[in-house]
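Step one of this worksheet: look at the structure below.
Below, chains carry the letters A, B, ... as their sequence lines are ordered, and counting in each starts from 1.
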Number of protein chains: 2
Amino acid sequence: MTIQQQRAEETRSRILQAAEECFAQDGYDKTSVAAICQCAGVSKGAFYHHFTTKHEIFMALLNRWLGGLDEQLISSQSIQATIPETLREMAGLVGGVFQAAENRFPLFLEFWSQSVRDPEVWDITVAPMQHYRDFFTGMIERGIEEGSIEPGDPQTTARVVVSLVMGLLVQGMLDPQGADWEQVAREGIRVLLEGMQQKKQ
Amino acid sequence: MTIQQQRAEETRSRILQAAEECFAQDGYDKTSVAAICQCAGVSKGAFYHHFTTKHEIFMALLNRWLGGLDEQLISSQSIQATIPETLREMAGLVGGVFQAAENRFPLFLEFWSQSVRDPEVWDITVAPMQHYRDFFTGMIERGIEEGSIEPGDPQTTARVVVSLVMGLLVQGMLDPQGADWEQVAREGIRVLLEGMQQKKQ
DNA sequence: AAAAACATACCGACCGGTCGGTATTTATCT
DNA sequence: AGATAAATACCGACCGGTCGGTATGTTTTT
């Protein structure tokens, strides 16, 4: 990689960083390209050299953000543990996720809001949801196999889990100080598992 | 009420209706006052005769929408039933709520998105959440009293319930065709109750 | 010198809000 | 009851300003 390419990529990432901050702070529409440029310390020419459109940089951010999120969650499952144990462990991670992504949450809402209008945004916003759905469906199925979860429709049960997590996310986004959301997550998963587990009769 | 007042209120509600449609379709920022006027079939003068600001009509819509929602939910609790029965019944209502408010969902997301930036919007958007929290807290407390729910922190449990409902809402908003959300709601409440109920040992 | 990486000046479109004017209804006076 | 004044409801041209995007020039690397 040449010196010039290095420099270019540095500028590119500076612009991305600045755009993320601006979008999170003021929303997509109210963030002007000029504001992004000023925040990044570059000119408009630099911006339009690296991105063809304001919309494009928005999509770039969305992809980067979702990619990272996905990686983090999938890698957090241990193999030797029981399904309920794994789920409980994942609930414990919620607090970390909240803290790590706290300032990106407004951007998240922005994505959702845009996805109603823009099919392109919809695709990559809703896809992860279905992805997690499948992920949890697999877990539930294995739980039923190993006998730790009561037989039932894994699809529906998985949707219930995802719904709970989504709800936690939204509440955490809108009212971060409203509760200890990590604790609520743990309690929620606990109760859900209690309701899903085989009763010893 | 005089003829002139009738006429005025008719135009006013026409503008409100048009604004609701436009905001839901294009979002707050991208909806121009001119577009609202065209959709309502009135002039800009009429608009600014009835509302002082674009922001004001947004708030008017928000208030109207939340008022209706609140009424609907609170009135749906029967007194003679057991707490778990009441909760199950409320879960059954979800389908109706979804169908009734389907085209308003984008507006809902818009409200949330705005609430991150606008404290005024935040107040009246997040307040209902706390309201429902208290509402469910009361129900859980009564459930504990009547012995149908295992003792624990009613606050946290209530937050779990609200989270589940919120998550269902979001998923239903973003992917209405993705599942039979009413069924998921019923199943979710069922599992939660199963986990919360006193085990006969 | 050719190309990449920027900078700057600028354009046309649009938007929220204003304002002077008009038409219709309502109140007041004779 | 008829005339007149006042208030209400509404119209639509217009303005200051912003914004996304472009065209062109300048510097730096290859």
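The two residues B/Ile36 and B/Thr31 have their closest heavy-atom pair at CG1-CG2, 3.6 Å.
For the side chain to side chain contact (heavy atoms under 4.5 Å, CB included) test, residues two or more places apart in sequence or in another chain that qualify with A/Ser32 are A/Ala34, A/Ala35. For A/Gln5, the side chain to side chain donor-acceptor pair (under 3.5 Å) partners are A/Thr2, not counting sequence neighbours. Applying the side chain to side chain contact (heavy atoms under 4.5 Å, CB included) test to A/Glu120 and every residue at least two apart in sequence or in another chain returns A/His55, A/Met59, A/Asp118. Legend: residues meeting side chain to side chain contact (heavy atoms under 4.5 Å, CB included) with A/Glu146, ordered by chain and number and at least two apart, are A/Thr82, A/Ile83, A/Pro84, A/Ser148.
Atom CD of B/Gln6 and atom P of D/dC10 are 12 Å apart (whole Å). The separation between A/Asp26 atom CG and D/dT18 atom P is 15 Å, rounded to whole Å. Rounded to a whole Å, the CZ atom of A/Phe51 is 16 Å from the P atom of D/dT22. The separation between B/Ile3 atom CD1 and C/dA27 atom C1' is 15 Å, rounded to whole Å.
Only A/Thr11, listed by number, bring a heavy atom of residues 11-23 of chain A to less than 4.0 angstrom from any atom of DNA chain C.
Identified under the side-chain hydrogen bond (donor to acceptor under 3.5 Å, both in side chains) test for residues 176-189 of chain B, with sequence neighbours left out: B/Glu182-B/Arg186, B/Glu187-B/Arg190. Identified under the side-chain hydrogen bond (donor to acceptor under 3.5 Å, both in side chains) test for residues 152-167 of chain B, with sequence neighbours left out: A/Gln171-B/Ser163, B/Asp153-B/Thr156, B/Gln155-B/Arg159. Pairs engaging residues 44-60 of chain A under the salt bridge (charged side-chain N to carboxylate O under 4.0 Å, His left out) rule: none recorded [sequence neighbours left out].
The closest donor-acceptor contact from the side chain of A/Thr11 to the backbone of A/Arg7 lies under 3.5 Å.
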Table please: side-chain donor-acceptor pairs of residues 107-116 of chain B below 3.5 Å, with sequence neighbours left out.
residue: B/Glu110; atom: OE1; partner: A/Ser113; partner atom: OG; Å: 3.2
residue: B/Glu110; atom: OE1; partner: A/Arg117; partner atom: NH2; Å: 3.2
residue: B/Glu110; atom: OE2; partner: B/Tyr28; partner atom: N; Å: 3.2
residue: B/Ser113; atom: OG; partner: A/Glu110; partner atom: OE1; Å: 3.4
residue: B/Ser115; atom: OG; partner: B/Trp112; partner atom: O; Å: 2.7

Under 3.5 Å, side-chain donor or acceptor atoms of residues 13-26 of chain B against the rest of the protein: list the pairs with distances, not counting sequence neighbours.
residue: B/Ser13; atom: OG; partner: B/Glu10; partner atom: O; Å: 3.0
residue: B/Arg14; atom: NE; partner: B/Ala40; partner atom: O; Å: 3.0
residue: B/Arg14; atom: NH2; partner: B/Ala40; partner atom: O; Å: 3.0
residue: B/Gln17; atom: NE2; partner: B/Glu21; partner atom: OE2; Å: 3.0
residue: B/Glu20; atom: OE1; partner: B/Arg64; partner atom: NH2; Å: 2.7
residue: B/Glu20; atom: OE2; partner: B/Arg104; partner atom: NH1; Å: 3.4

Collect all protein-nucleotide pairs involving nucleotides 12-16 of chain C in which both atoms are nitrogen or oxygen and the distance is under 3.5 Å.
residue: C/dG16; atom: OP1; partner: B/Thr31; partner atom: O; Å: 3.2
residue: C/dG16; atom: OP1; partner: B/Lys54; partner atom: NZ; Å: 2.8
residue: C/dG16; atom: OP2; partner: B/Val33; partner atom: N; Å: 2.8
residue: C/dG16; atom: N7; partner: B/Lys44; partner atom: NZ; Å: 3.1

Filtered N/O pairs between nucleotides 2-4 of chain C and protein, under 3.5 Å:
none

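Note on A/Arg7: a side-chain N or O is less than 4.0 Å away from OP1 or OP2 of C/dC6. Within the 4.0 Å cut-off from OP1 or OP2 of C/dC6, not a single side-chain nitrogen or oxygen of A/Ser43 is found.
The residue among B/Phe47 and A/His50 whose nearest nucleotide of DNA chain C is located toward the 5' end is A/His50.
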